[in-house]
Number of protein chains: 2
Amino acid sequence: MLNLSLLTDLYEFSMANGFQKDLPDTRATFDIFFRKVPDQGSFVITAGLQQITEELPFSFTADDIAYFRSLHLWDEEFLNFLATFKFDCHLRAIPEGTPVFPRESLMTVEGPIAQAQLLETLLLTILNHESLIATKARRMTFAAGNRPIMEFGARRAQGPQSAIYGARAAVIGGVASTSNVLAGKLFSIPVAGTMAHSWIEAYPDELTAFRQWAKYYPDNSALLVDTYDVLTSGIPNAITVFKELRAKGHEPVGIRIDSGDIASLARQARTMLDAAGFPKAKITISNALDENIIESLLHQGAPIDNFGVGEKLITSASAPVLSGVYKLAAIEQNGQLIPKIKISDSREKVTIPGQKQIYRLYHQGTHDAFADLIALADEDVVDQHHLDAFDSNPLSVSKVQKLTEFDAQPLLKPVDLKQTAVSPLEIQKFSKQCLAELPDETKRLTNPDTYHVYMTTKLAKMQDELINVN
Amino acid sequence: MLNLSLLTDLYEFSMANGFQKDLPDTRATFDIFFRKVPDQGSFVITAGLQQITEELPFSFTADDIAYFRSLHLWDEEFLNFLATFKFDCHLRAIPEGTPVFPRESLMTVEGPIAQAQLLETLLLTILNHESLIATKARRMTFAAGNRPIMEFGARRAQGPQSAIYGARAAVIGGVASTSNVLAGKLFSIPVAGTMAHSWIEAYPDELTAFRQWAKYYPDNSALLVDTYDVLTSGIPNAITVFKELRAKGHEPVGIRIDSGDIASLARQARTMLDAAGFPKAKITISNALDENIIESLLHQGAPIDNFGVGEKLITSASAPVLSGVYKLAAIEQNGQLIPKIKISDSREKVTIPGQKQIYRLYHQGTHDAFADLIALADEDVVDQHHLDAFDSNPLSVSKVQKLTEFDAQPLLKPVDLKQTAVSPLEIQKFSKQCLAELPDETKRLTNPDTYHVYMTTKLAKMQDELINVN
């Protein structure tokens, strides 16, 4: 793997240089959070923590230092710092697969301010990307109900690594398999796929191409039936080959349709396959699918067993950016913690100060989550079951909310950089458990109900005071 | 770097297995082309060839073979082929930075059919990504006129490698610099950047933060003025520090505005800076800019010197996918070349058969290109100056076009896998020369005029015959 320590915006180094000189003993806490959910959804599925643990701790090579020197921006004192610093940042993160809401810290970084500043770009790049794809995959798998989705977008991904980690994130978000062999090998996720049109075209005719496939893959023959004409050529030829397979003791897997009017073709294909004695042959659909098309096809009653999704998932094409940000929440000088805020003309962009913890609130004694709560890290929330709070949404009216009879679970956990990689399929399972705890109304694809994220009174007061001081 | 030989869709291996057994001596030619230009533009800027030459030739490690074996999909004969094949594919490509049009082969791959099939996914992933970003960068630099654009989208890119190669592609497409230090180091492209809001917030007040910056970067002080309030705090404080700098013999670089009503703030900032004696202090603008916003700001007469662009460029957010495809064009068996076609119900999706060459046609004796021409590779086009042709657009009416008094330049060149990397800035320069040759009407951002791509009569006839045979 390429060493990504240098995947940092130049200004992070310029700032680190100043911080290292002006504030050498200052420690800082940064929060990573987002304000808006892609596709007007209600939540994001976090992902990317594993890749971050693989890249940390970070350090610079002699070659890197030589490159810095060539930029003529910084003095030897700073270059020496970059060559020799001892990594001393502490990360806390909400585990991968958890549904998270706007303004909640997905991750916090506490450490010497210069070091912590240098981590901004890399952490955001990874978390923004993987969480974006996991979130899109969750939307698609929700639309598909219990039907498996296969991810096969590699060729349309924004570069090779985006294809690889995108496939991992897609599994976290719920897809069953990927076509991407490298992702399959690296992350032990199921790989799948059948044939492309080029297989059919390489033979004199479709029937010959199907027969040769069946010869090599008698137990894995899913045939692509739309190279010439689905109904007059593809399916009749597939049925011929399926009968030949059965005569030899093999059962066919099914067919794939990649073009045309899917709903109508799937219905006619089903009828033809059933009539020919293959009611168990599965129908797989692909062709620029997204959650809306999947929902619409199933709403029309199309008899589809599996979906293959490409570019709309691997790039989250309808909303290709998750805008996670990295904001200073506090600094520590001479043992004293000083909360920090970013003020803006736009009320929405004001940050939440202080070292914090995020809690999921459940109706007491149940697994039914009804809201989240942002508190200062030193507040006791778990032992309380009643609390006054304020909505953390800066666009909501600021009035006291009485939260009663709840159990609270902290979401931010310390990150062990040496943690063993967990299989994305395991994370998918965990994610499904978390989702089961959320209200159905907040999981709708369209117009989801707002899931409230509250702030404790103490935190709301701190924010208010800092707004008025600045 | 991660070995990307395995970045392949599973079905490529399954097909290669069959091809290796059924067509062991067959060679194939595949074309890479696209049908639609992102953002309703007229052309794509090609990019990605350099990364492809770094990944090729490809081969598999013993570890890869062990993984293949664990999938229980293929026999030992095929695994042995994968472990031992000698790379024998020949690539031709249109050089990076060239504007290319729909249906033109950006790249062709000729080689043993099993090997050539295995290259599909990796080649597409790289070309689709880098060409997409280069094309978006070209749109933005076109909108910005001669004002420099800095790329600083790393944190919103679709993963780390997407940020790195995206920065390279952005330079090919015309941006002047990147904030991405790793891209700067790897590709020798200029790096730039100033400070983030966290610099300001880390100090007791904005003036102190600006002063400390000026202390460390007296000749590189571009100050971010919107942390608190641009007009009442940021600019007055910047002017104070600029005067202090000048008193010490340094000239300030300028200011950056990252929020608020940019057109109005830039105008007022210009007035304040001029009045204070800093008419040369530059105004840099950022905040979710794309080509439309840049055009609109300049149309309003906003006095902007530089633009900083982030997520809208590094993800090509308004059109995040370039749908390049890899299609079989011909096979060679027993020394005979057999053209191949992919038929589809949709006229648009029918492919152009045969081994081909792409020509740019110029009015004779000039550098003014007026159309492109797709010909069979063995046709003599360069020595002709008059030709009958057909529009290659399958949606156009099929009638003979008389092309007269032209010079033709072939665009597809053999790829040397050992070629030395060319600096993206050099490629940018080449790209600008190519663009200067195109008609202005085809370079418009909105409603560009169609630039015609013709096919020779021989090629059109071949396509027609193959459509009617199938």
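Per chain, numbering begins at 1; letters A, B, ... match sequence-line order. What you see below is based on every heavy atom in this structure, not just the backbone, and it leaves out hydrogens, waters and symmetry mates.
- Contacts of B:A183 with chain A are absent, with no heavy-atom separation under 4.5 Å from either backbone or side chain.
- Residue with the most contacts toward chain A among B:K312, B:Q212, B:K327: B:Q212 (heavy-atom pairs, distance under 4.5 Å).
- With respect to chain A, the highest number of heavy-atom pairs below 4.5 Å among B:A157, B:A196, B:G310 belongs to B:A196.
- Proximity to chain A (any heavy atom under 4.5 Å) is shown, for B:L7, by both the backbone and the side chain.
- Residues meeting the side-chain hydrogen bond (donor to acceptor under 3.5 Å, both in side chains) test with B:R256, sequence neighbours left out: B:S286.
- Between chain B and the residues A:S179, A:G159, A:G193, the most heavy-atom pairs under 4.5 angstrom are made by A:S179.
- Within the 3.5 Å criterion, the main-chain N or O of B:E201 finds a donor-acceptor partner in the side chain of A:K340.
- When the candidates B:I113, B:D63, B:I331 are compared by the number of heavy-atom contacts under 4.5 Å with chain A, B:D63 comes out ahead.
- Looking at A:T194 and B:S14, their side chains never come closer than 4.5 Å, going by heavy atoms from C-beta outward.
- The contact between B:L322 and chain A is made entirely by backbone atoms, counting heavy-atom distances below 4.5 Å.
- Expressed to the nearest 0.5 Å, how far OH of B:Y67 lies from CG of A:L186 amounts to 9.0 Å.
- Contact count against chain B (heavy-atom pairs under 4.5 Å) is highest for A:K21 among A:K21, A:K215, A:Q117.
- Both the backbone and the side chain of B:F19 come within contact range of chain A, each with at least one heavy atom under 4.5 Å from a heavy atom of that chain.
- Heavy atoms closer than 4.5 Å to chain B are found in the side chain of A:A163, but not in its backbone.
- Going from atom CE of A:M15 over to atom NE2 of B:H197 covers 10.5 Å, rounded to the nearest 0.5 Å.
- The candidate with the highest count of non-hydrogen atom pairs below 4.5 Å against chain B, out of A:N17, A:D22, A:I200, is A:D22.
- Chain B forms more heavy-atom pairs under 4.5 Å with one residue of A:I126, A:T178, A:D226, A:V321 than with any other, namely A:V321.
- Counting heavy atoms from C-beta on, the side chains of B:I314 and A:Q158 never come closer than 4.5 Å.
- Applying the salt bridge (charged side-chain N to carboxylate O under 4.0 Å, His left out) definition to pairs two or more places apart or across chains, those involving residues 153-163 of chain A are A:R155-B:D9, A:R155-B:E12, A:R155-B:E120, A:R156-A:E311.
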With side chain to side chain contact (heavy atoms under 4.5 Å, CB included) as the criterion, how do B:F13 and A:V191 come out once you've worked through the C-alpha distance, each side chain's angles and the decisive distance to 0.1 Å? CA-CA 12 Å; B:F13 287 101; A:V191 286; over 6 Å; no
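- Ranked by non-hydrogen atom pairs under 4.5 Å with chain B, the options A:W213, A:Y217, A:F68 are led by A:Y217.
- Scanning both residues, A:P320 and B:A317, for their nearest heavy atoms gives CG-O, 3.4 Å.
- Both the backbone and the side chain of A:Y203 come within contact range of chain B, with heavy atoms under 4.5 Å apart.
- At a 4.5 Å heavy-atom cutoff, A:D205 makes no contact with chain B through either its backbone or its side chain.
- In terms of heavy-atom pairs under 4.5 Å with chain B, the best-connected choice from A:N128, A:L328, A:L23, A:T315 is A:T315.
- Per-residue counts of heavy-atom pairs under 4.5 Å with chain A were compared for B:F152, B:Y216, B:F30, B:W74; the largest is that of B:Y216.
- For A:L73, the parts lying near chain B are the backbone and the side chain together; criterion is any non-hydrogen pair under 4.5 Å.
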Given side chain to side chain contact (heavy atoms under 4.5 Å, CB included), test B:T8 with A:L182 step by step and report yes or no. CA-CA 7 Å; B:T8 307; A:L182 186 47; over 6 Å; no
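- Residues A:E55 and B:P160 fail the side-chain proximity criterion, which asks for heavy atoms closer than 4.5 Å.
- For the pair B:T125 (side chain) and A:A154 (backbone), a donor-acceptor distance under 3.5 Å is present.
- In this structure, chain B has heavy atoms under 4.5 Å from both the backbone and the side chain of A:D64.
- The line from OG of A:S162 to CD of B:Q161 is 9.0 Å long, rounded to the nearest 0.5 Å.
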Chi angles and distances behind the side chain to side chain contact (heavy atoms under 4.5 Å, CB included) call for B:I164, A:L4: CA-CA 10 Å; B:I164 299 163; A:L4 295 178; 4.1 Å; yes
